[in-house]
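All residue numbers refer to positions in the sequence shown, counting from 1.
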Amino acid sequence: MQTESIKTEQLTRAYKGKKKADPSVIALDQVDLSVYEGELFGLLGPNGAGKTTLIKILTTLLLPTSGKALVAGFDVDKEAQKIKPLINMVSGGEESGYGILTVVETIWMFSQFYGIPNKVAKERIDKLLEVVGLKDNAKTKVYKLSTGMRQKMNFARGFVSDPKIIFLDEPMLGLDVEAARTCRKFIKNWLNENPTRTVLLTTHYLVEADELCDRIAIINHGKIVACDTPDNLKLLVQREPIFQLETTMMQNEIDEFKQMAGVIDLTYSHNIDKSTTSFRMRLSKEEVIAKIIGTLTKHNLKIISLEKREPSLEDVFIKLVGKKIEEEDA
């Protein structure tokens with residue numbers, strides 16, 4: 001039987017309106033969730049979906065309005081002090097540390113908050129600085145670091161306590177491609193070294209979630225709308241053909257395609273420099289693409305590329321949430 005690292009039951013968090021007459025805002029709405037030891041669990045959702053509120057509750061920074069949350073078997077409401085030594089967190093764009101301290105001094109300071117012996121802390125810091133590529137900047141003061149270098153330091157700081165459960169909230173934000181790849185590899189290896197460790201990851205990079213996560217929960221408007229493995233989630237859109245098109249620049253024709261019978265959903269972007277429009281559409285059946293091509297021809301729009309695609313997590317997300325993960329609410 002699997003051991004639950006994180007468990008929530010009917011977890012709800014409401015915020016009072018700005019004025020007394022305003023209704024409460026429900027950030028989390030009766031969330032039931034189980035995350036198991038040894039699991040790399042992804043939490044995906046658009047901005048304002050409730051991800052940050054959920055993580056704040058699980059890291060003991062916020063109390064729930066009702067329901068229950070257990071982390072490492074301890075109640076976040078009644079046993080927060082037992083949870084804190086067992087967890088750590090890395091957030092993208094975080095301003096951690098003090099500018100006058102060096103990189104190594106900053107990470108060492110955080111290690112002492114957890115009571116880590118000096119010798120052990122030094123060994124871990126040396127290893128982590130090697131992993132994130134900051135070994136040559138160990139004695140650089142934090143205020144001199146670029147955004148990417150600061151995020152590398154934050155990443156190392158999160159793992160220096162060797163937590164039982166680590167919360168990674170957009171951890172690759174600001175990292176270059178190679179640094180992000182190295183950090184993803186480290187996360188996998190770190191998890192494999194000890195089957196009692198757990199990672200909860202939030203990210204806007206759906207390819208990253210697909211690559212890393214054992215299971216993924218999608219949250220929207222404070223509710224969990226799906227929770228399964230990436231492959232099983234993709235089965236939700238497996239039967240509906242998906243096409244990726246690039247055409248010469250469209251103007252107002254997009255609305256016509258959105259309203260066309262057989263088009264389930266459509267997302268698009270314009271490339272001003274190339275004067276092209278790229279769009280991805282999920283169709284009720286493959287034959288609808290012939291109607292789309294006919295409409296493009298009618299509007300004198302040239303097809304630059306047309307490709308049938310396998311379902312991705314982005315397609316699942318759009319199906320369940322109604323928009324891309326990076327889109328803001330109108």
Side-chain angles (χ1 to χ4, degrees), residues 1-13 28-45 50-64 66-91 111 113-116 120 124 128 155 157-169 171 183-203 208-219 223-233 313:
M1 185 176 177
Q2 290 178 292
T3 302
E4 291 173 319
S5 287
I6 298 168
K7 182 176 179 62
T8 70
E9 296 177 350
Q10 299 290 291
L11 189 67
T12 299
R13 174 68 197 196
L28 291 178
D29 190 358
Q30 301 182 44
V31 170
D32 292 326
L33 201 61
S34 291
V35 181
Y36 301 103
E37 281 188 355
E39 192 169 32
L40 203 163
F41 189 90
L43 182 66
L44 306 180
K51 301 188 303 294
T52 300
T53 299
L54 179 56
I55 289 177
K56 282 185 176 181
I57 290 173
L58 296 177
T59 53
T60 74
L61 298 176
L62 188 68
L63 289 175
S66 63
K68 180 181 286 189
L70 302 176
V71 176
F74 299 113
D75 190 304
V76 297
D77 188 5
K78 302 173 183 176
E79 301 172 293
Q81 294 307 314
K82 293 180 180 178
I83 295 172
K84 290 177 181 178
L86 304 176
I87 64 173
N88 212 330
M89 182 172 175
V90 177
S91 295
S111 76
F113 294 160
Y114 285 84
I116 300 169
V120 175
R124 288 182 188 170
L128 287 164
F155 187 88
R157 187 265 307 155
F159 285 91
V160 74
S161 64
D162 190 23
K164 183 177 177 64
I165 303 168
I166 190 161
F167 297 86
L168 304 178
D169 187 13
C183 288
R184 287 195 294 269
K185 182 178 178 181
F186 173 80
I187 292 168
K188 285 183 175 179
N189 291 338
W190 181 83
L191 201 56
N192 290 335
E193 285 173 0
N194 187 334
T196 67
R197 292 170 173 165
T198 305
V199 176
L200 191 150
L201 169 75
T202 77
T203 178
E208 179 177 275
D210 198 355
E211 175 190 340
L212 286 175
C213 297
D214 300 304
R215 287 189 304 138
I216 291 171
I218 297 177
I219 187 170
K223 289 180 175 290
I224 301 295
V225 295
C227 183
D228 213 325
T229 66
D231 286 344
N232 284 345
L233 288 173
L313 276 182

Correct closest heavy-atom pair for L212 and L40 would be O-CD1, 3.7 Å
- With the side chain counted from C-beta on, respond yes when R197 and I166 share a heavy-atom pair under 4.5 Å apart, and no when they do not. no
dist R13:CZ -> L63:CG (nearest 0.5 Å) comes out at 7.5 Å
Would you tabulate the side-chain donor-acceptor contacts of residues 50-59 under 3.5 Å, counting partners in other chains and residues two or more places apart, or write 'none'?
unit_1 : atom_1 : unit_2 : atom_2 : d
K51    : NZ     : G45    : O      : 2.8
K51    : NZ     : P46    : O      : 3.2
T53    : OG1    : Y15    : OH     : 3.4
T59    : OG1    : I55    : O      : 2.7
T59    : OG1    : K56    : O      : 3.4

Would a 4.5 Å heavy-atom cut-off, applied to side chains only, mark L201 and P171 as touching?
-> yes
By salt bridge (charged side-chain N to carboxylate O under 4.0 Å, His left out), E9 pairs with (sequence neighbours left out) K7
Before giving the answer on side-chain contact (heavy atoms from CB on, under 4.5 Å), spell out for N88 and R157 the whole-Å C-alpha distance, their side-chain angles and the decisive distance to 0.1 Å.
CA-CA 9 Å; N88 212 330; R157 187 265 307 155; 3.3 Å; yes
Ring pair (Phe, Tyr, Trp, His ring centres under 6.0 Å) filter on F159, not counting sequence neighbours, yields F155, F186, W190
Scanning both residues in full, the closest heavy-atom pair of D214 with P230 reads O-CD, 3.5 Å
Query raised in the report: Hey, is the main chain of V160 close enough, under 3.5 Å, to the side chain of R124 for a donor-acceptor pair?
Result: yes
Practice item. State, yes or no, whether a side-chain contact exists between K164 and N194 at a heavy-atom distance under 4.5 Å. Key: no
Side chains of residues 67-87: which donor-acceptor pairs under 3.5 Å do they make with residues two or more places apart or in other chains?
unit_1 : atom_1 : unit_2 : atom_2 : d
D75    : OD1    : D77    : N      : 2.7
D75    : OD1    : K78    : N      : 3.3
E79    : OE1    : D75    : N      : 2.8

When every non-hydrogen atom of I165 is compared with those of S5, the smallest separation belongs to CD1-O, 3.6 Å
When every non-hydrogen atom of L233 is compared with those of A226, the smallest separation belongs to CD2-CB, 3.9 Å
For D32 and Q10, the nearest pair of non-hydrogen atoms, with its separation, is OD1-N, 2.6 Å
Interatomic distance, SG@C227 vs CG@L33, rounded to 0.5 Å, equals 6.0 Å
Q.
Measuring only between side-chain heavy atoms, which start at C-beta, is I6 closer than 4.5 Å to F41?
A. no
Residues at least two apart in sequence or cross-chain that pass ring pair (Phe, Tyr, Trp, His ring centres under 6.0 Å) with Y36, listed by chain then number, are none
Between the CG atom in D210 and the CD1 atom in I216, the distance rounded to the nearest 0.5 Å is 6.5 Å
d(C183 SG, E208 CD) to nearest 0.5 Å is 9.5 Å
Rounded to the nearest 0.5 angstrom, the CD-CD1 distance for E211 and I187 is 9.5 Å
With sequence neighbours left out, the residues meeting salt bridge (charged side-chain N to carboxylate O under 4.0 Å, His left out) with D169 are none
